Amino acid sequence: MSTLDPAAASALQDEIDFLAAKITKQGSLVRQLKKDSGSDGDAIAEAVSALQKLKIDADALRKKQDDLDPSKKFDRKAFDDLVLRKMFVVPSFEIHGGVKGLFDLGPPACALKAAIIDLWRKHFVLTESMLEMECTCLTPEAVLRTSGHVERFTDLMVKDTETGECFRADKLLEDAIDTLIESNPTMPAEEREDHLRIQRQADAYSPTEIDDLLKKYNCLAPSGQPYSPSFPFNLMFKTSIGPEGTAVGYLRPETAQGLFVNFRRLLEYNAGKMPFAAAQIGLGFRNEIAPRAGLLRVREFCMGEIEHFVNPDDKSHPSFSTVAGKELVLFGRDDQLGSGKTRTLAVGEAVKTGLVNNETLAYFMARTQIFMEKIGMDPSRLRFRQHLKTEMAHYACDCWDLEIKSSYGWVECVGHADRACYDLDVHGKVTKTPMLATLKLDKPKEVEMAKLKFDRKKLGMSFKGDARTVSGAMEALGERWEDFEPFANKLETEGKAEIDGFVVEKGMVTWTKTKKKVHEIKFTPSVIEPSFGMGRILYSLLEHSFYQREGDEQRNVMGFNPRVAPNKCAVFPISSSVEMNAVVDEIANDLMESDISTRADKSTASLGRRYARADEVGVPFAVTVDFETLEDHSVTLRERDSMVQVRLHKEDVTRLIFDIVHGRMTWEKVKEKYPVVTVSEEGEEASGTPAETGAKTVVEKTSRGKFSRPAEKIL
């Protein structure tokens, strides 16, 4: 297979990056056109058509790049076979036909996930002294209506009026147009383009428009009957709370809301100190209409979310200096719309130049990168992509997604968002609960404020029982003149202004600008939120860890980092004698007593086969008890990726593996400390110096016995 020279490869990558930038820019235009209610349908169709052409061109270039570089190919068939055969992930309820979007984690993936979460908790919750909570998955409708979730995550659905089966309306329309075009190969080009224009806008139509189009294309349900009128389908799982069925609830689509509504108690628990962070690991649920891509889009998923509450006027972080020099691959919005290339930049420089909005956001981005490296993710396949203006919520200050490259492309796995004060504000207003923190001042400070005088009669006549709520909202706004001034200007110029959903008229309140000394300042905290999709991280780690032995594609390996490997060590006897099995049990028990997950394999399979089985589930180390063990109590220790083995006393095994797993020892140091032995995969020790092992000493056999000598001959 041909390969590109470095210059040609670089030119091809530049071309791909340039197209990627054009795709991002065109995608942003399409989103904006669909948001604008006055946009012309032909303009949207033309923009979508241009976007699709760019994507086709980019896919062709990537295919060319993959064909010319065999090292970039990913053997999905071998990977999928291993994941299923070794029961990393299996379809849920498989013998009943399974359910799309639901998967079960088998023993190795369950242990891998537990290790990832354990390291996440140590890396973030314990190191940062976060306040961890476990909130209920069942959430009352009022909470999610306040947060906006009840109105979001909707797609238009239709039903088979006879069977009640549901379908996604825009997908039905797209499929009908595909069928029409395929069945009419001689269709005139102009007519064909008219159909394609409708297809490209399928997800932008109103319920009435899409109903008319389904009739136009004669879309019938499987029963042969017309579909029902379309209706919005919310992606949350709806249920009822209590036997009466009157209290509506949902399975939470995210874990964050439980932390927001507990803010006041968390602040009190933290003795009122700001800033602080709360964290939660738990399940989220989204009733995806078309689950796909394995664990990347499922209906039940594990999330790890952090809500860092901070003063909106001071988003510095006390530990930022510890990560300021950490370099990240950043894909800013200007680069996405311009060169299409990423930049490698220290986070301190990114904040200084304004690329990243503030220290706290950048701090968590750097800590996330470090966490990913700790669990064994390939750093060359990690990047942080900034949200475009058209992607961000109106209240967000800045958002960056950690994206991980897999065989599915770049996949968002961790979101980092500066959500400003939105969440606490909306919950506070709806529940009339002040979500405020207090900043104690070292010295009293003179601040400008508005002194208000209300016409209680007018307020009472207009707002009835809500009069006190309205006056209270204005008083809170008047605490800071800079907040009250826009409200006051609107009253002066327009004669009315809105506050918390109430329209106040000019004569209802008068004010004077004044000053007062304050000893403390109350504020609604901003929230910096890193949100981890544990399922996506787990899947990406499986892909990043998978490889095949060079020269033997039948030998598949999961190269997990020892810190998160499901089993840290395997113990094998070279024969099934009672004496050897006793030593195997002794070593395995000692390892497990030190909390080192271990598998002992005393089967009659060849030693090479047992090594291969351990490699497939990612066991990083294997101890072999052989005939010499019975003589001098020594064993061999094999490292999975290099397949290099050292000989050491059995009493050293547990401490050594414990130190490696906890990052206190490296395999290179082990080879310096203990003699390397050349052992076949069947367990036969050979004489001579192992090639390229980096060993300081080797074991050599002669007719007079066995001894250790330096690996390099002394001249």
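No experiment lies behind these values; they were computed from the predicted model shown.
- Pairs engaging residues 372-385 under the side chain to side chain donor-acceptor pair (under 3.5 Å) rule: H123-K374, K326-E373, Q336-R385, Q369-E373, D378-S380, D378-R381, R383-E403, R385-E391, R385-E403 [sequence neighbours left out].
- Checked against the 6.0 Å centroid criterion, the rings of Y539 and F103 do not qualify as a close aromatic pair.
- Side-chain N or O atoms of E132 include none that pairs as donor or acceptor with a backbone N or O of E134 at under 3.5 Å.
- In this structure, N561 has no side chain to side chain donor-acceptor pair (under 3.5 Å) partners at least two apart in sequence or on a different chain.
- Remark: F384 engages H416 in a ring-ring contact (aromatic ring centres under 6.0 Å, His included) (not counting sequence neighbours).
- No donor-acceptor distance shorter than 3.5 angstrom exists from the side chain of E307 to the backbone of L259, with no hydrogens or angles considered.
- Neither side chain, T139 nor R252, offers a donor N or O lying under 3.5 Å from an acceptor on the other.
- Under a 3.5 Å cut-off, the side chain of H662 and the backbone N or O of R664 do not form any donor-acceptor pair.
- A salt bridge (charged side-chain N to carboxylate O under 4.0 Å, His left out) check over residues 531-543, counting only residues at least two apart or in different chains, returns the pairs R76-E543.
- Sequence neighbours left out, not one pair with a member in residues 562-580 passes side chain to side chain donor-acceptor pair (under 3.5 Å).
- A donor-acceptor pair under 3.5 Å is absent between the side-chain atoms of S594 and the main chain of I596, judged by distance alone.
- Here the side chain of R549 pairs no donor or acceptor atom with the backbone of V557 at under 3.5 angstrom.
- Checked by atom type and distance alone, the side chain of T624 never pairs as donor or acceptor with a backbone atom of F572 at under 3.5 Å.
- No donor-acceptor pair under 3.5 Å is formed between the side chain of T344 and the backbone N or O of V329.
- Under the rule for a ring-ring contact (aromatic ring centres under 6.0 Å, His included), the partners of H308 that lie at least two apart in sequence or sit in another chain are H317, F364.
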